[in-house]
Structure formats: C-alpha cells, structure tokens
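Report on one structure; see the data block that follows.
Since this is a predicted model, take the numbers as computed values, not measurements. One-based numbering along the sequence shown.
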Amino acid sequence: MQLQGSHWSSAVASVDGAGGRNTPLRVDAQRNLEHVLRAAREVFGELGYGAPMEDVARRARVGVGTVYRRFPSKDVLVRRIAEEETARLTDQARAALGQENEPWSALARFLRTSVASGAGRLLPPQVLRVGVEGEAEAAVRVPQQRQVGLADPPAPPQPELRLVEQPSPVVPGGPDDAGAAALLEVVGQLVDRAREAGELRPDVTVADVLLVIATAAPSLPDAVQQAAASARLLDILLDGLRSRPAG
C-alpha cells in the first residue's frame with residue numbers, strides 16, 4: 001500500500017509507533033484524530049463496517065480529506081477500529097478472570113461489561129469464524145449408526161460424514177491473528193472454568209459466548225432504550241447459557 005504525504009507519515013508515527021518513531025501530533029491534528037476514531041466507532045457500530053468514509057467524516061465534523069490524511073484507505077481505518085475493539089474485549093476478559101473467583105460470576109461479568117461497552121457491535125466476523133474453527137476439530141465427525149439384527153446381512157461400509165464449514169465473509173482490514181488468538185485464549189479460559197464447575201451448559205463453546213456479545217448489543221437511536229434492551233436481552237441469553245440441575 002502506498003502512503004501519501006508527509007502528514008500521513010507523522011500521523012502513523014504518532015498513532016501506531018511505526019518504525020519505533022513517536023512523533024507527537026499537533027494539538028489540532030490530535031483532536032481531529034480523536035474525533036475521527038470516535039466517529040468511526042459510532043458509525044461502524046450503527047451501520048456495520050460497510051459504512052462509507054464520508055459518513056465517518058460527517059459524524060466527526062471534518063472533511064473527508066482529513067480522514068484520508070490520517071487513514072489512507074478505509075481498510076486501514078477498519079483494521080484500527082477492529083483491533084482496538086478486539087484488544088478491549090481481551091482486556092475485559094482478563095479483568096473478569098483475575099477479579100472474580102467464582103467461574104460463573106467471571107463469565108457473566110465479562111459478558112455484561114462487554115455488552116455494556118458496545119464492543120459487540122464492532123466485533124469483526126473473523127473473530128467469530130476463528131472461534132468456530134478453533135473448536136471444529138473435536139466435533140466434526142458424525143458416525144453412521146444402525147441396529148443390525150441376527151438375520152440381517154452385514155451392512156456395507158458407510159462413508160464417514162464430515163461437516164464442512166463454509167467460508168464466512170471477511171471484513172477487509174480485520175484484526176491480526178495474534179489479537180484474535182489472544183481474545184479466544186482468555187475467553188476460552190472463562191468458558192472452561194465455568195463448564196468444569198458445572199455452571200455452564202457443556203455444549204456451549206467460545207464461539208457461542210462471542211456470539212452472545214455480538215447479539216446482545218443492539219444499536220438503537222435512544223441511549224436509555226439501548227441500555228435497557230441490552231440488559232434485558234443479556235439476562236435472557238445468560239439464562240440460556242447456564243446449566244440446569246438434572247431432574
């Protein structure tokens with residue numbers, strides 16, 4: 001990717017620390033960058049990562065040229081937002097893991113914190129897809145079963161059925177593999193602890209937990225209604241995740 005202009009070079013140095021440089025942005029440039037990032041989170045959270053850069057610029061109240069000076073393509077901006085949100089979810093999962101002794105309380109705290117922060121609306125499909133792939137190895141084989149009587153001739157060998165995952169759509173500029181792997185690892189610890197304690201349904205996977213985060217964060221025009229809807233939906237989903245005593 002060809003980067004344009006000295007303004008972009010200085011912004012990258014400040015924003016991403018590329019090449020070990022850390023050149024500070026001017027006060028007005030830093031303020032514009034913060035406006036663009038905040039606007040991008042809002043717009044992508046409401047409309048998805050397919051929203052145009054013009055919508056981001058309009059929400060940030062800057063010209064679209066200002067957005068492109070900071071981010072030379074939409075893919076770069078999407079990657080920045082996706083990586084930040086993936087890292088935020090990872091931090092929230094680590095906090096829940098380290099501050100809650102009870103396995104179910106830790107998992108529930110992570111889900112409530114993540115949904116309340118709105119991070120689920122910015123969770124890129126790659127993370128959900130990695131979650132599925134990471135657990136597909138153990139459960140894709142479905143053996144043929146057939147009761148054979150004494151008088152029945154031997155059944156011919158049956159082909160082994162394999163569930164083949166179809167490729168899911170990929171958002172350009174999604175989080176890197178290391179960021180996604182870190183999130184899946186720590187969420188996996190939360191899931192394993194709750195499952196081993198008998199408080200989580202045994203069939204619940206990491207992908208299911210991430211799907212709850214993505215599902216329980218609706219985007220509504222009224223902030224109060226949005227918070228209430230998220231809390232109500234998450235209560236229902238948490239009730240569905242929890243194991244029930246036998247009998």
TODO: Considering only NZ, NE, NH1 and NH2 on the basic side and carboxylate oxygens on the acidic side, decide whether Asp91 and Arg88 come within less than 4.0 Å.
DONE: no

Task: Distance-minimising heavy-atom pair for Val43 and Asp55 - done: CG2-O, 3.8 Å

Task: Heavy-atom side-chain contact between Phe71 and Ile81 under 4.5 Å - done: no

Open item on the list: Within the supplied structure, the quantity of interest is the number of heavy atoms (other residues, nucleotides, ligands) at a distance under 6.0 Å from Asn101 CG; does it exceed 12?
Closed with: no

Task: Interatomic distance, Arg38 atom CZ to Leu33 atom CG [nearest 0.5 angstrom] - done: 10.5 Å

- [ ] Taking all non-hydrogen atoms of both residues into account, name the closest pair between Ala51 and Lys74 and its distance.
- [x] O-NZ, 2.8 Å

TODO: Carefully, step by step, assess Val209 and Leu190 under the rule side-chain contact (heavy atoms from CB on, under 4.5 Å).
DONE: CA-CA 10 Å; Val209 171; Leu190 288 167; over 6 Å; no

TODO: Drop me the distance from Ile236's CD1 to Leu241's CG, to the nearest 0.5 angstrom.
DONE: 12.0 Å

- [ ] Drop me the distance from Phe110's CZ to Leu89's CG, to the nearest 0.5 angstrom.
- [x] 5.0 Å

- [ ] Mark yes or no for whether Ser117, through its side chain, and Ser114, through its backbone, hold a donor-acceptor pair below 3.5 Å.
- [x] yes

Task: Any side-chain heavy-atom pair of Leu77 and Leu37 under 4.5 Å - done: yes

Task: For Ala216 against Leu237, the heavy-atom pair lying closest together - done: CB-CD1, 3.9 Å

TODO: To the nearest 0.5 Å, tell me how far Arg94 CZ sits from Leu97 CG.
DONE: 9.5 Å

- [ ] Sequence neighbours left out, what pairs pass salt bridge (charged side-chain N to carboxylate O under 4.0 Å, His left out) with at least one residue falling in residues 105-116?
- [x] Glu100-Arg109, Arg112-Asp235

Task: Glu46, CD atom: more than 12 neighbouring heavy atoms under 6.0 Å - done: yes

Task: Side chain proximity check, Arg201 to Arg242, heavy atoms < 4.5 angstrom - done: no

Task: Distance-minimising heavy-atom pair for Arg193 and Ala106 - done: NH1-CB, 4.4 Å

Open item on the list: Quick one: does any side-chain atom of Thr90 pair with a main-chain N or O of Thr86 as donor and acceptor, under 3.5 Å?
Closed with: yes

TODO: Could you check if a side-chain atom of Asp192 sits within less than 4.5 angstrom of a side-chain atom of Arg195, using non-hydrogen atoms only?
DONE: yes

Open item on the list: Within the structure provided, determine whether Val115 and Leu233 are in side-chain contact (heavy-atom separation under 4.5 Å).
Closed with: no

Task: Val191 vs Asp208, side-chain contact (heavy atoms from CB on, under 4.5 Å): CA-CA, chis, key distance, verdict - done: CA-CA 10 Å; Val191 169; Asp208 295 328; over 6 Å; no

Open item on the list: For the backbone of Leu122 and the side chain of Tyr49, can you confirm whether one donor and one acceptor N or O come within less than 3.5 Å of each other?
Closed with: yes

- [ ] Could you give me the CA-CA distance, side-chain angles and deciding distance for Leu238 and Trp104, then say whether side-chain contact (heavy atoms from CB on, under 4.5 Å) is met?
- [x] CA-CA 10 Å; Leu238 282 171; Trp104 177 256; 4.1 Å; yes

Open item on the list: Looking at Glu85 and Arg121, is there a salt bridge between them, counting it only when a charged N and a carboxylate O are closer than 4.0 Å?
Closed with: no

TODO: Check side chain to side chain contact (heavy atoms under 4.5 Å, CB included) between Glu185 and all other residues, then give those that pass, not counting sequence neighbours.
DONE: Gln189

- [ ] Decide yes or no on side-chain contact (heavy atoms from CB on, under 4.5 Å) for Arg41 and Glu84, but give the supporting numbers first.
- [x] CA-CA 10 Å; Arg41 292 186 192 98; Glu84 285 186 351; 2.4 Å; yes

Task: Closest approach of Leu210 to Leu123 (non-hydrogen atoms, all atoms of both residues) - done: O-CD2, 3.7 Å

